[in-house]
Structures are given as C-alpha cells and as structure tokens.
Novice: 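My questions will all concern the structure given below.
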Amino acid sequence: MGTDVVASHKIQLSFVVFPVVNTFYTFLFCFLVWFYGFAQGWDILIYTLIFSIAAPVYTFLAVRSRDGLLRHTRIVIARISLFLFGSKVQHLKEVRSKLKEEVKNFVEKYAQSVPDDYTVDDDEPAGEGKDGLKFTKRSSTLVVEDGMDEAFESLDPELF
C-alpha cells in the first residue's frame, strides 16, 4: 500500500465495487428489457452483452471527463481571480519578498553565533558563540541566553 492510505483503500474498494455494480446494472437491464418487452429471445442476450461492454466504458469516460472539467475549472477560476484581484496578488508578492529578506538577514546574523560543536545529546552547556552569545541545551531546542529578544522585536509584525 502507498503512503496515501485513504486513496489506497478507495482503489482497493473500487476493484470490488465497480464490477459488482456493473453486474447488478447488467442484470437489471436484462430484466427490464424482458419485462417491458423491448426484445425477445436471443435479442435480449445481444442487447445485454452490448450493455455489459458499453456501461463500464461509458462510466470510465464519464469519470475522466469530470476530472478534466474540474481541473480546467480550477485553472479558469485562478485566472479570473488573478485578473480581478491582481493588485492584491502583487501586494502579497511584495510582502512575501520583504519577509523572505528579513528572515534571510535574521538567519545570516544569528547563524554565525551558533557553536560549531553543538549537539543535543548531553545536558552540558553548548558553549559561547562567535559574537559572545551564550547557548545552553534544553531538550532538543537551542536556547539563547541573551540577544535574541531584540532580534525578534526588530522584525516587522505587519509582515506576519
């Protein structure tokens, strides 16, 4: 089974349900053709055989058409939204680029402070960074004893 368990169960179920449903529809078709007198004798079997071949093909084509329609509908909605709300999209792109730049600067500034020999396995102090910040180990997180508070305060809160 794959990583998507729900989809795997749906596929396994469809291997059982689809043939059972098509068999039921074929017998129902055969009964209705006989009951209402649309055909007699061998004609009933010929029509039933044609139905038993055509119904699964028709179902397959209907499912594929629906999937294609949904895919194209999503694309059209996205393009219409971009056309109608283009200024908002441009604003979001600008905010995202500012946020990326601030995070990049933050990481560049404080990544150098982390000691090179930092490990999470033991409880001893992690050491002192290159710019004098002191680090300690607490569970699996790195805790800075001084300096980080003003770094987080310098980030623009409107970007979040």
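Hydrogens, waters and symmetry mates play no part in the numbers below; they use all other heavy atoms, side chains included. These numbers come from a predicted model, not from an experiment.
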Novice: Output the rest of the hydrophobic cluster of L49: all Ile, Leu, Val, Met, Phe, Trp and Tyr residues reachable through side-chain heavy-atom contacts under 4.5 Å, sorted by chain and number.
Specialist: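 So far as hydrophobic clustering goes, L49 is joined with I53.
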Novice: Determine, using the 4.5 Å side-chain heavy-atom cutoff (strictly less than), whether L45 and L28 are members of one ILVMFWY cluster.
Specialist: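 As far as the 4.5 Å side-chain criterion goes, L28 and L45 are not connected within one cluster.
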Novice: Can you list the other members of the hydrophobic cluster that holds I50, where links are side-chain heavy atoms under 4.5 angstrom apart?
Specialist: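 The other cluster members (ILVMFWY side chains, heavy atoms under 4.5 Å, direct or chained) are I46.
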Novice: When rounded to the nearest 0.5 angstrom, what is the spacing between CG in N105 and CD in E102?
Specialist: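 With rounding to 0.5 Å, CG (N105) is 7.5 Å from CD (E102).
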Novice: Taking ILVMFWY side chains as joined if any heavy atoms are under 4.5 angstrom apart, and letting links pass through other members, which residues group with L70?
Specialist: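 Besides L70, the hydrophobic cluster comprises nothing; the residue is isolated.
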Novice: Apply side-chain contact (heavy atoms from CB on, under 4.5 Å) to I80 and list each qualifying residue two or more places apart in sequence or on a separate chain.
Specialist: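 Checked I80 against side-chain contact (heavy atoms from CB on, under 4.5 Å); matches are V76, L84.
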Novice: Only pairs at least two apart or in different chains count here, so list each ring-ring contact (aromatic ring centres under 6.0 Å, His included) that has a residue in residues 41-73.
Specialist: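 Passing the test, one end in residues 41-73: F29-F51.
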Novice: Could you list the residues that satisfy ring-ring contact (aromatic ring centres under 6.0 Å, His included) with F18, not counting sequence neighbours?
Specialist: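 F18 satisfies ring-ring contact (aromatic ring centres under 6.0 Å, His included) with no residue once adjacent residues are dropped.
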Novice: Transitively linked via ILVMFWY side-chain contacts under 4.5 Å: V21 with F24?
Specialist: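 Yes, V21 connects to F24 through the hydrophobic network.
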Novice: According to side-chain contact (heavy atoms from CB on, under 4.5 Å), who are the partners of T73, at least two apart in sequence or on a separate chain?
Specialist: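 Here the qualifying residues are L69, I77.
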Novice: The criterion is side-chain contact (heavy atoms from CB on, under 4.5 Å); which residues satisfy it with F31, sequence neighbours excluded?
Specialist: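 F31 satisfies side-chain contact (heavy atoms from CB on, under 4.5 Å) with W34, F35 only.
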Novice: Test of understanding: clusters of I, L, V, M, F, W, Y form through side-chain heavy atoms closer than 4.5 Å, transitively. Do V63 and L61 belong to the same one?
Specialist: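 No, separate clusters.
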Novice: The criterion is side-chain contact (heavy atoms from CB on, under 4.5 Å); which residues satisfy it with Q90, sequence neighbours excluded?
Specialist: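 side-chain contact (heavy atoms from CB on, under 4.5 Å) check on Q90 returns K93, E94.
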Novice: Other hydrophobic cluster members with I11, side-chain heavy atoms of Ile/Leu/Val/Met/Phe/Trp/Tyr under 4.5 Å, chained?
Specialist: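 F15, listed by chain and number.
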Novice: Considering non-hydrogen atoms only, spot the tightest contact between P19 and S14 and give its length.
Specialist: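 So the minimum-distance heavy-atom pair works out to CD-O, 3.8 Å.
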Novice: Could you state the interatomic distance from CG (L92) to OG (S87), rounded to the nearest 0.5 Å?
Specialist: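 So the gap between those two atoms works out to 9.5 Å.
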Novice: Are I44 and F38 connected into the same hydrophobic cluster when the rule is that any two of I, L, V, M, F, W, Y join if their side-chain heavy atoms are below 4.5 Å apart?
Specialist: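 Yes, F38 connects to I44 through the hydrophobic network.
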